[in-house]
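Comments concern the structure below.
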2 protein chains.
Amino acid sequence: MPETVVDQLRENLGQFSATERRVAHRLLAEYPMAGLQSATVLARQVEVSTPTVLRMVARLGFQSYPDFQRRLREELTAQLSSPLSKASQAIRGGRKQSRTTATEFADAVVQNIQETFSHLAAHEIDQVVKLLGDRKQRVHLLGGRFTDALARYLSVQLRIIRGGVNHLQDQEANWQDQVLNMDHRDVLLIFDIRRYQPSLLRLAKAASARQAKVLLITDQWLSPISRLALHVLPARISVPSVWDSNAALMAIAEALLAAVTRNTWEQSQRRMRDLEQLREQL
Amino acid sequence: MPETVVDQLRENLGQFSATERRVAHRLLAEYPMAGLQSATVLARQVEVSTPTVLRMVARLGFQSYPDFQRRLREELTAQLSSPLSKASQAIRGGRKQSRTTATEFADAVVQNIQETFSHLAAHEIDQVVKLLGDRKQRVHLLGGRFTDALARYLSVQLRIIRGGVNHLQDQEANWQDQVLNMDHRDVLLIFDIRRYQPSLLRLAKAASARQAKVLLITDQWLSPISRLALHVLPARISVPSVWDSNAALMAIAEALLAAVTRNTWEQSQRRMRDLEQLREQL
DNA sequence: CGGAAGTTGTAACGAACATTACATTTTGAT
DNA sequence: ATCAAAATGTAATGTTCGTTACAACTTCCG
């Protein structure tokens, strides 16, 4: 027997019809506020008829909608009175295998991010942010087999707030001519985690030899590129899976982007406005 | 200017009449549950007439009792969503002096991931994992402007453990012929967060019309695609930055991949070995 | 004691709401 | 393709609720 309404919702999600499920999703997403409104308002929000909301609540086992709301309020006061409600809620979550493992996975990711940031040097971050925000520098990004998606992600975002951003495409042959043109005004940000790719090291060496500044985001065991890199930001990547997790790397990338955006807000804002105009014209 | 309803109640306690004060005391004692009930019920509990309750609420400056309740709900969600960091709240409030540090950013990301997974339904995850692991299904992935990097990331990983994985490239024109060939044996996994892209909705509609199964990973406000989607996995994306964070989306993607890999380990392992051999030959 | 100002409850009204029955549409199986 | 079953929306109904007007009551000052 499920204890909380959240559990009840999650357990019965499969028995609901498609439309009822949309109601349930809204309740889960905006819990518990969505359920404290009137059924009519809730129905309007998910673009469903009022009876559908009521049927869903009835299928959860409640005698009436007011009954359902009363239960929500009771739960709420109980939850608010205990300070560590959040943790216990996550633990109480569910018994099914996949959910337990999904939660364990999430816990591992959370721990990775916390450890990652607790080990990062503020000085290192500041320097990287400064370089990425410097309009006099050209910025090149790339990653390995799995991490290249991150390089792409960051380059797309960075391009919005500044020019001179270049994502080195996958074909190694294309890199060469671009490296040839590099000098001290170029910044090369590389994502590289195990198993470290020799091709990335070769590129880093070539760029470094031409006075380009190499920045590295890697795992805690440090890619060999770290020896050439001006700044190194290591992240934790271990999770209960055969694969490694790139979530902490992404958190770093996003934190960098946020900082760059904030530090160069006037210029960034201007550029974003121009882009907006350009887009409307097309 | 009092921020919360509690403060407002305490400040105006002196101006209330004796009976009104009893109402206020009840509200303070059982906050905020007492205020989420109907005015009539609340009046009955403190043995006061309904108009007295309404007069008190009016004296607090609220236009109507529903107004008052709305405010309570808003306060409540704000309180529930960020129990651990008052710091981040202060920043969102708009103090320019307190600079958002990388740690605060990381805290927000961590909280996002925790909330995301605490709201995910086990049933939903199971079904998605099942579909992604089903070799009889073809899997297509794509995302929006920023989230397409995630689609790419997941497709690269998924391709290692199973065939029939397709990442729909950015040019919208290229989608069309691929959608034409879709039927009930196709699964379309879409990443779509605000600002939701109309082109993705169009594609989802076309695919859905051809009986392809649409899976959606979105933000907590749910992309319009959610109406067509067979399964929806919502994530939290708010961080102290002008940008949204995709970290929780990535965590979901990685959790899915881990589960699929585990559930179909024999087949996956075989394929990975074959790939390894193939790579050595090249 | 008398009267005015403030306080509180009663009662009536209208709006919003939950609920039900029913018609329509969709789905799935044969 | 055809039909039964399920799902969903529409419309009508009775209830609860918030709101307002007004009368009864209290308090306090002359």
Side-chain angles (χ1 to χ4, degrees), chain A residues 5 9 12-27 32-73, chain B residues 5 12-27 32-73 123 127 183-185 205 207-214 226-232:
Chain A
V5 177
L9 279 169
N12 293 321
L13 212 60
Q15 298 172 11
F16 294 153
S17 68
T19 330
E20 287 172 350
R21 206 170 300 146
R22 283 174 52 204
V23 180
H25 272 133
R26 176 75 181 205
L27 281 171
M33 194 187 108
L36 294 172
Q37 300 168 318
S38 75
T40 310
V41 171
L42 174 58
R44 203 158 30 220
Q45 284 180 351
V46 276
E47 290 176 316
V48 159
S49 73
T50 310
T52 302
V53 173
L54 298 175
R55 276 189 287 258
M56 195 227 71
V57 168
R59 221 181 278 204
L60 277 178
F62 292 97
Q63 287 267 331
S64 69
Y65 191 78
D67 251 38
F68 169 69
Q69 290 190 312
R70 201 171 310 128
R71 174 67 182 278
L72 275 181
R73 280 197 298 267
Chain B
V5 177
N12 295 323
L13 215 59
Q15 299 173 11
F16 294 152
S17 69
T19 341
E20 286 172 352
R21 207 169 299 145
R22 283 173 54 202
V23 180
H25 275 134
R26 175 74 182 205
L27 279 172
M33 194 188 107
L36 293 172
Q37 300 168 318
S38 76
T40 311
V41 171
L42 174 58
R44 203 157 32 220
Q45 283 180 354
V46 278
E47 290 175 320
V48 159
S49 74
T50 311
T52 302
V53 172
L54 297 175
R55 275 190 288 259
M56 195 228 69
V57 168
R59 220 182 279 204
L60 277 179
F62 292 98
Q63 287 268 331
S64 69
Y65 192 77
D67 252 37
F68 169 70
Q69 290 190 312
R70 203 170 309 129
R71 173 67 182 276
L72 275 180
R73 280 197 300 267
H123 168 262
Q127 296 299 316
D183 55 33
H184 67 280
R185 291 166 304 180
K205 274 181 180 161
S208 178
R210 281 170 180 74
Q211 318 303 327
K213 299 172 194 69
V214 176
S226 63
R227 265 179 272 174
L228 313 165
L230 191 62
H231 299 291
V232 180

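Scope of the values below: all heavy atoms of this structure, side chains included, with no hydrogens, waters or symmetry mates. Proteins come first, then strands; the chains are lettered A, B, ... in the order of their sequence lines, and each starts at number 1.
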Any donor-acceptor N/O pair, B:Gln211 side chain to B:Asp183 backbone, under 3.5 Å: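 Side chain of B:Gln211 to backbone of B:Asp183: no pair is present.
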Protein N or O to nucleotides 1-7 of chain D N or O, pairs below 3.5 Å:
none

Partner set under side-chain contact (heavy atoms from CB on, under 4.5 Å) for A:Gln37, not counting sequence neighbours: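 Only A:Met33, A:Val41, A:Gln45, B:Arg73 meet the side-chain contact (heavy atoms from CB on, under 4.5 Å) criterion with A:Gln37.
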Listed partners of B:Ala34 passing side-chain contact (heavy atoms from CB on, under 4.5 Å), at least two apart: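 Partners of B:Ala34 under the side-chain contact (heavy atoms from CB on, under 4.5 Å) test: B:Arg26, B:Leu27, B:Glu30, B:Leu42.
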Under-4.0 Å side-chain N/O to phosphate OP1/OP2 contact, A:Thr52 with D:dG9: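 Result: yes.
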For B:Phe16, ring-ring contact (aromatic ring centres under 6.0 Å, His included) partners two or more places apart: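 B:Phe16 satisfies ring-ring contact (aromatic ring centres under 6.0 Å, His included) with no other residue.
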d(CD, B:Glu20; C1', C:dT8) in whole Å: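 Spelled out: CD on B:Glu20 to C1' on C:dT8 is 9 Å.
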Interatomic distance, B:Phe62 CZ vs D:dT19 P [rounded to whole Å]: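 Checked: the CZ to P distance equals 13 Å.
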Contact letters for nucleotides 17-30 of chain C, in which S counts primed atoms plus P, OP1 and OP2 and B counts the base, heavy atoms under 4.0 Å: SSBB----------
Please name all residues satisfying salt bridge (Lys or Arg N to Asp or Glu O under 4.0 Å) with [X], sequence neighbours left out, ordered by chain then number.
{"X": "A:Arg21", "value": "none"}
{"X": "A:Arg70", "value": "A:Asp67"}
{"X": "A:Arg59", "value": "A:Glu20"}

Under 3.5 Å, sequence neighbours excluded: what are the donor-acceptor pairs made by side chains of residues 46-56 of chain B?
from: B:Ser49; atom 1: OG; to: B:Thr52; atom 2: OG1; distance (Å): 3.1

